Protein chains: 4
Amino acid sequence: MMHFENSTQAIYLQIVEYVCEQIILEQWSIGEKIPSVRELAVKMEVNPNTVMRSYEVLKNEQIIFDKRGIGYFIAPHGQSNALIYLQQEFTSKSLPQVFKTMYLLKMDITDLQQPFEQFKKNLDT
Amino acid sequence: MMHFENSTQAIYLQIVEYVCEQIILEQWSIGEKIPSVRELAVKMEVNPNTVMRSYEVLKNEQIIFDKRGIGYFIAPHGQSNALIYLQQEFTSKSLPQVFKTMYLLKMDITDLQQPFEQFKKNLDT
Amino acid sequence: MMHFENSTQAIYLQIVEYVCEQIILEQWSIGEKIPSVRELAVKMEVNPNTVMRSYEVLKNEQIIFDKRGIGYFIAPHGQSNALIYLQQEFTSKSLPQVFKTMYLLKMDITDLQQPFEQFKKNLDT
Amino acid sequence: MMHFENSTQAIYLQIVEYVCEQIILEQWSIGEKIPSVRELAVKMEVNPNTVMRSYEVLKNEQIIFDKRGIGYFIAPHGQSNALIYLQQEFTSKSLPQVFKTMYLLKMDITDLQQPFEQFKKNLDT
DNA sequence: GTGGTCTAGACCACC
DNA sequence: GTGGTCTAGACCACA
């Protein structure tokens, strides 16, 4: 279903983001069982160990929790924790770099308005 | 003088950006000799090989050129090439990631206004 | 009724301890029939197989015995055997680990006094 | 040098404890480079991936940090963070179980005094 | 079936 | 040389 070839980011981190996305968009709801390590591995066409690693990160962030021998489930505050996680990554990793470049290029925030609208349009197609 | 531990980006790319910055902000003027690989390596507290790699990227982008046995110099259109390089990196790499996250976090462009002002203030200090 | 998620110990061993506890505290009396595998499984919200495994351990330790088709009963010396079992586990598994950590943390036995009192207080509530 | 066969705990967690131990006992000092993943793997007679996993945990706990391509180093507050880590593990995982058993066995804290002294004596030999 | 650990070995980016 | 990621495959404990 998914291929990761185009991105420089580690696959297991992309899967972390994918799971966060599903939870935030409420494709998977709170308390619900999420795909097993092996299931998701098949779907994502990666090794189970890779998914395992993603789930470990998500567990540390208290986005999911595990019942041994049964599976992984979305944690009580899973959705908000997922939002917090993505937000933290965004503010600490993406934003500073973006701002620095914008400063050098003498760009203003408003210069992003039009490309952002364009981006959102492309999502629909 | 500089620490790179906080960023996820490769050190040699951070140095590329640093050099672009110096050129764009005209800390280093056109045609002028820029620091030798060894000098910059000492200043940046990194391995000379790392600086070497950065200079190779900059040479490919025609931002600097080398006179063998003498040193590296800012290329004729160094400043504009630096701007172009940063802009390309920005539009192709940073922006798409940023937009995707902003969409998920239901953020608007205007939400960036305040953090950006904050960022620019911090530059002065 | 019970949740085991917080502990690192295997669920079936926690159930073994639970049964020992009931017997030692004489919640279940000697010679009496104890809950069936299914009953306890429902109460503990675990798989019957898990309780089954616990009962097998308890049978090996001669803490309980089974009358086929009828159920499990507390063995003649069930209470003392339960005490012996817990003591053995304690001295061979828990204590060495605890002592090693206490040594590293430069803790003294007396440092445990206050937390232990606290623990006993919490039992009443 | 080391074998882990006797313990039920995961090897990578035992290595985490080992590293904490070295730091706390100041065998390795703050800011200093610790053995590379491959070095420690050879010494511990385990797969490099296993040591890698231990170092990841230690990095999360801010006990060590990494300079890519150079190695791992003891973090600024590495020693105190190591203490905190061990203490947390101790209080949350070991203590409750110990206390519960002691309660059932009608033991008192003072009953641990003599075995603890014995344990410390055995360390010298 | 589930999660969890470990190995062996490969490959990459970086220093 | 260093860390970091990924695969393939094995084995275990647990439900």
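All values derive from a computational prediction rather than experimental measurement. Chain letters run A, B, ... following the sequence lines, proteins first, then strands; residues in each count from 1.
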Counting distance only, does the side-chain N/O of C:Thr50 pair as donor-acceptor with the main-chain N or O of C:Val46 below 3.5 Å?
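Judged by distance alone, no pair lies under 3.5 Å.
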What integer distance in Å separates [X]:[atom1] from [N]:[atom2]?
| X | N | atom1 | atom2 | value |
| --- | --- | --- | --- | --- |
| A:Leu40 | E:dT2 | CG | P | 12 Å |
| D:Met44 | E:dT5 | CE | C1' | 17 Å |
| B:Glu56 | E:dC15 | CD | P | 14 Å |
| D:Leu58 | F:dG3 | CG | C1' | 15 Å |
| A:Ile64 | E:dT2 | CD1 | C1' | 13 Å |
| D:Gln14 | E:dG4 | CD | P | 18 Å |
| D:Tyr72 | F:dG1 | OH | C1' | 15 Å |
| A:Lys67 | E:dT2 | NZ | C1' | 13 Å |

Distance from C:Ile11 atom CD1 to C:Ser54 atom OG, nearest 0.5 Å?
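These two atoms lie 9.5 Å from each other.
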Residue B:Lys93 excluded, over 12 heavy atoms near NZ under 6.0 Å
no
Are more than 12 heavy atoms, taken from residues, nucleotides or ligands other than D:Gln62, located less than 6.0 Å from that residue's CD atom?
no
Enumerate the protein-to-nucleotides 11-15 of chain F contacts in which both atoms are nitrogen or oxygen and the separation is below 3.5 Å.
from: F:dC14; atom 1: OP2; to: C:Arg53; atom 2: NH2; distance (Å): 3.3

Please determine if A:Lys33 and A:Glu39 form a salt bridge, counting it only when a charged side-chain N lies under 4.0 Å from a carboxylate O.
no
Given the ring of D:Tyr72, does D:Lys67 sit roughly above its face, with NZ or CZ under 6.0 Å from the centre of the six-membered ring and within 45° of the axis?
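Judged by the rule, D:Lys67 and D:Tyr72 form no cation-pi pair.
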Scan every strand shown for a Watson-Crick or G-U wobble partner of E:dC14, both distances under 3.5 Å, and answer none if you come up empty.
F:dG1
Using a heavy-atom cut-off of under 4.0 Å over every strand shown, decide if A:Lys59 touches base, sugar-phosphate, or nothing.
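Since only primed, P, OP1 and OP2 atoms lie under 4.0 Å of A:Lys59, the category is sugar-phosphate.
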